[in-house]
Amino acid sequence: MKIDQSSYREIIPGILRGRLTAPPSKSISHRLLIIAALSGRKCQIDNLLRSEDIQVTLQALNQMGFAMEDLGKTVIFTGKRELPTQAVQIDFGNSGTSARLLTAVAAYLPGNFILTGSSRMQQRPMKPLLLALGNAGTKMEHRDGFLPITIRGGQLRGGEVTIDASASSQFISALMLVAPCTEKGFRITPDGRIASAGYIELTAELMRKYGINLHWQEQSLLIPGFQKYRIDRAMVEGDYSNISYFVAGAAISGGEVLISGLEKDSAQGDRIILELAKKAGADIRWSKNGLKIKAGDLRGINENMNSCPDLVPAVAVMALFAKEPSRFRQIGH
């Protein structure tokens with residue numbers, strides 16, 4: 001068989017060196033947009049990530065009636081919401097984060113909503129969230145826990161809910177974000193293991209930062225109702241999930257990378273990439289100019305990755321260059 005050489009590209013090994021600014025966090029962009037909308041205040045979100053998923057969230061909030069001015073990496077909310085006069089149909093495309101978080105928002109807001117998504121999104125689980133919303137007062141119709149969902153909004157009262165978050169922590173984050181706006185607030189008790197638990201702490205930290213009182217009591221998360229988000233201006237910080245590839249690239253190639261735009265004390269669960277790379281032998285240091293990663297003699301590591309699944313691709317590649325085998329546990333989801 002004759003091979004067409006024109007369809008091939010030569011890859012030349014090299015050393016990763018240089019500096020970059022971390023792209024904005026997608027997880028924080030989603031959450032800040034929802035917090036800003038629910039605050040009912042005039043506020044501004046800067047350094048917003050412009051990706052397909054974030055565009056879905058912006059479009060959905062606009063369809064829900066929230067007035068905003070989109071300036072690209074900056075979005076300004078006017079603090080006003082126009083109640084839709086007829087049922088609003090929202091297509092979440094392939095964005096699971098938008099679908100889960102905004103389903104809870106739709107349950108809280110007065111109005112009628114028809115929520116759908118791509119054929120793949122219609123196969124992704126939503127049932128634990130829908131059961132919790134139903135138990136807290138929401139009337140809805142759905143296809144046994146999957147999109148499409150028809151919601152009669154404005155009836156979410158809050159209360160005590162137990163929720164299975166083994167498939168996604170986004171179910172809990174969704175309830176958390178709307179809980180302060182409800183009459184009763186929420187007592188949320190996770191049922192069993194939580195997938196990607198670090199994202200729940202990220203949601204909690206952002207809520208605290210913008211005026212919300214919440215705390216853990218034994219195994220339950222308590223969020224009182226009748227609270228208001230206090231947000232005027234917010235900056236989306238750099239994303240640790242994205243920079244994980246540059247951390248791994250420097251570590252395996254013998255190079256050195258300087259990354260700016262990161263929060264040293266970030267609540268992002270994927271900040272653990274620095275600890276993992278350091279355990280594997282990379283040199284990780286902070287300076288006034290940012291985060292510096294230098295290569296080292298890489299060794300194998302043994303880690304539970306349940307709380308940071310987005311890091312698995314980068315650390316798996318890094319493990320290929322270690323002197324010993326590595327083992328990564330609880331990555332089924």
Side-chain angles (χ1 to χ4, degrees), residues 8-30 47 49-54 94 96-97 168-169 195-199 201-202 236-333:
Y8 287 79
R9 296 292 181 269
E10 183 178 7
I11 298 174
I12 303 172
I15 297 175
L16 188 62
R17 289 196 182 98
R19 56 197 308 167
L20 70 145
T21 300
S25 165
K26 182 168 73 169
S27 299
I28 293 177
S29 293
H30 279 298
N47 197 38
L49 178 69
R50 298 313 300 229
S51 70
E52 185 176 332
D53 284 8
I54 299 303
N94 288 309
T97 304
S168 174
S169 64
S196 310
Y199 288 100
E201 184 49 43
L202 174 63
V236 179
E237 65 184 67
D239 189 80
Y240 276 92
S241 306
N242 269 296
I243 64 104
S244 65
Y245 299 97
F246 298 96
V247 172
I252 67 180
S253 71
E256 179 178 316
V257 173
L258 179 67
I259 305 175
S260 60
L262 295 168
E263 289 287 338
K264 184 177 180 180
D265 298 319
S266 174
Q268 293 179 60
D270 284 352
R271 185 183 179 280
I272 200 172
I273 183 60
L274 306 184
E275 182 182 327
L276 298 178
K278 195 169 184 178
K279 281 184 180 181
D283 183 16
I284 308 288
R285 298 185 186 184
W286 288 93
S287 71
K288 64 179 182 180
N289 296 319
L291 174 69
K292 184 178 287 186
I293 303 101
K294 293 178 67 175
D297 292 327
L298 296 184
R299 49 186 175 267
I301 56 177
N302 186 334
E303 298 293 332
N304 183 332
M305 304 295 287
N306 177 60
S307 293
C308 50
D310 290 346
L311 299 182
V312 173
V315 296
V317 171
M318 188 167 65
L320 295 172
F321 294 82
K323 294 178 179 178
E324 305 89 14
S326 294
R327 183 180 182 188
F328 303 111
R329 294 171 279 115
Q330 292 197 22
I331 61 173
H333 66 281

A.B. asks: Working note: Leu311 + Tyr240, criterion side chain to side chain contact (heavy atoms under 4.5 Å, CB included); need CA distance, chi angles, decisive distance, verdict.
C.D. replies: CA-CA 9 Å; Leu311 299 182; Tyr240 276 92; over 6 Å; no
A.B. asks: Hey, mind stepping through Asn242 and Lys26 against side chain to side chain contact (heavy atoms under 4.5 Å, CB included) and telling me if it holds?
C.D. replies: CA-CA 9 Å; Asn242 269 296; Lys26 182 168 73 169; over 6 Å; no
A.B. asks: Looking only at non-hydrogen atoms, find the nearest pair between Ser196 and Pro309 and report the distance.
C.D. replies: OG-CG, 3.2 Å
A.B. asks: Quick check against the 3.5 Å criterion: does Ser326 have a side-chain atom that pairs as donor or acceptor with the backbone of Ile301?
C.D. replies: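 Side chain of Ser326 to backbone of Ile301: a pair is present.
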A.B. asks: Any side-chain heavy-atom pair from Lys264 and Arg271 closer than 4.5 angstrom?
C.D. replies: yes
A.B. asks: Quick one: closest heavy-atom pair of Ala248 and Ala314, and the distance?
C.D. replies: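 Distance-wise, the nearest heavy atoms are CB-O, 3.8 Å.
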A.B. asks: Which pair of non-hydrogen atoms, one from Leu258 and one from Gly290, has the smallest distance, and what is that distance?
C.D. replies: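 What the structure gives for the nearest pair is CD1-C, 4.0 Å.
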A.B. asks: Between Met305 and Val315, does a side chain to side chain contact (heavy atoms under 4.5 Å, CB included) hold up when you go through it step by step?
C.D. replies: CA-CA 10 Å; Met305 304 295 287; Val315 296; 3.7 Å; yes
A.B. asks: If you count the non-hydrogen atoms of other residues, nucleotides and ligands that lie under 6.0 Å from CG in Asp297, is the total more than 12?
C.D. replies: no
A.B. asks: Measure the CG-CG distance between Leu274 and Leu262 for me, rounded to the nearest 0.5 Å.
C.D. replies: 7.5 Å
A.B. asks: When you measure from the side chain of Ser241 to the backbone of Asp310, do you find a donor-acceptor pair of N or O atoms at a distance under 3.5 Å?
C.D. replies: no
A.B. asks: Is it the case that more than 12 heavy atoms not belonging to Arg327 sit under 6.0 Å from its CZ atom?
C.D. replies: no
A.B. asks: Nearest 0.5 angstrom please: Ile15 CD1 to Glu256 CD, how far?
C.D. replies: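 The CD atom of Glu256 is 11.5 Å from CD1 of Ile15, to the nearest 0.5 Å.
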A.B. asks: Under 4.5 Å between any side-chain heavy atoms of Tyr199 and Asp270, yes or no?
C.D. replies: yes
A.B. asks: Could you tell me which non-hydrogen atom of Met318 sits nearest to which non-hydrogen atom of Ala280, and how far apart they are?
C.D. replies: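 Residues Met318 and Ala280, closest heavy atoms: CE-CB, 4.1 Å.
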A.B. asks: Nearest heavy-atom pair of Ser168 and Ala195: which atoms, and what distance?
C.D. replies: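 The answer is N-CB, 4.0 Å.
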A.B. asks: Can you tell me which residue among Ile284, Asp283, Val257 is in a side chain to side chain contact (heavy atoms under 4.5 Å, CB included) with Lys294?
C.D. replies: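 So, applying the side chain to side chain contact (heavy atoms under 4.5 Å, CB included) to Lys294 and each of Ile284, Asp283, Val257, only Asp283 qualifies.
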A.B. asks: What is the minimum heavy-atom distance between Ala282 and Ala251, and which atoms define it?
C.D. replies: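 Heavy-atom minimum between the residues: CB-CB, 4.1 Å.
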A.B. asks: Rounded to the nearest 0.5 Å, what separation is found between the CG atom of Asp265 and the CD atom of Glu263?
C.D. replies: 8.0 Å
A.B. asks: Distance-only check: which donor-acceptor pairs under 3.5 Å involve side-chain atoms of residues 16-25, not counting sequence neighbours?
C.D. replies:
from, atom 1, to, atom 2, distance (Å)
Thr21, OG1, Ser260, OG, 3.2
Ser25, OG, Ser27, N, 3.4
Ser25, OG, Ile28, N, 3.1
Ser25, OG, Asp239, OD1, 3.3

A.B. asks: Look up atom CD in Gln330 and atom SG in Cys308, then write down how far apart they are to the nearest 0.5 Å.
C.D. replies: 11.0 Å
A.B. asks: Take atom CD in Glu324; do more than 12 heavy atoms of anything else shown fall under 6.0 Å from it?
C.D. replies: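 Counting other residues, nucleotides and ligands, CD of Glu324 exceeds 12 neighbours.
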A.B. asks: Going from CD1 on Ile273 to OG on Ser244, what distance comes out if it is rounded to the nearest 0.5 angstrom?
C.D. replies: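 Going from CD1 on Ile273 over to OG on Ser244, the span is 5.0 Å.
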A.B. asks: So how far is it from Ile259 CD1 to Asn289 CG, rounded to the nearest 0.5 Å?
C.D. replies: 13.0 Å
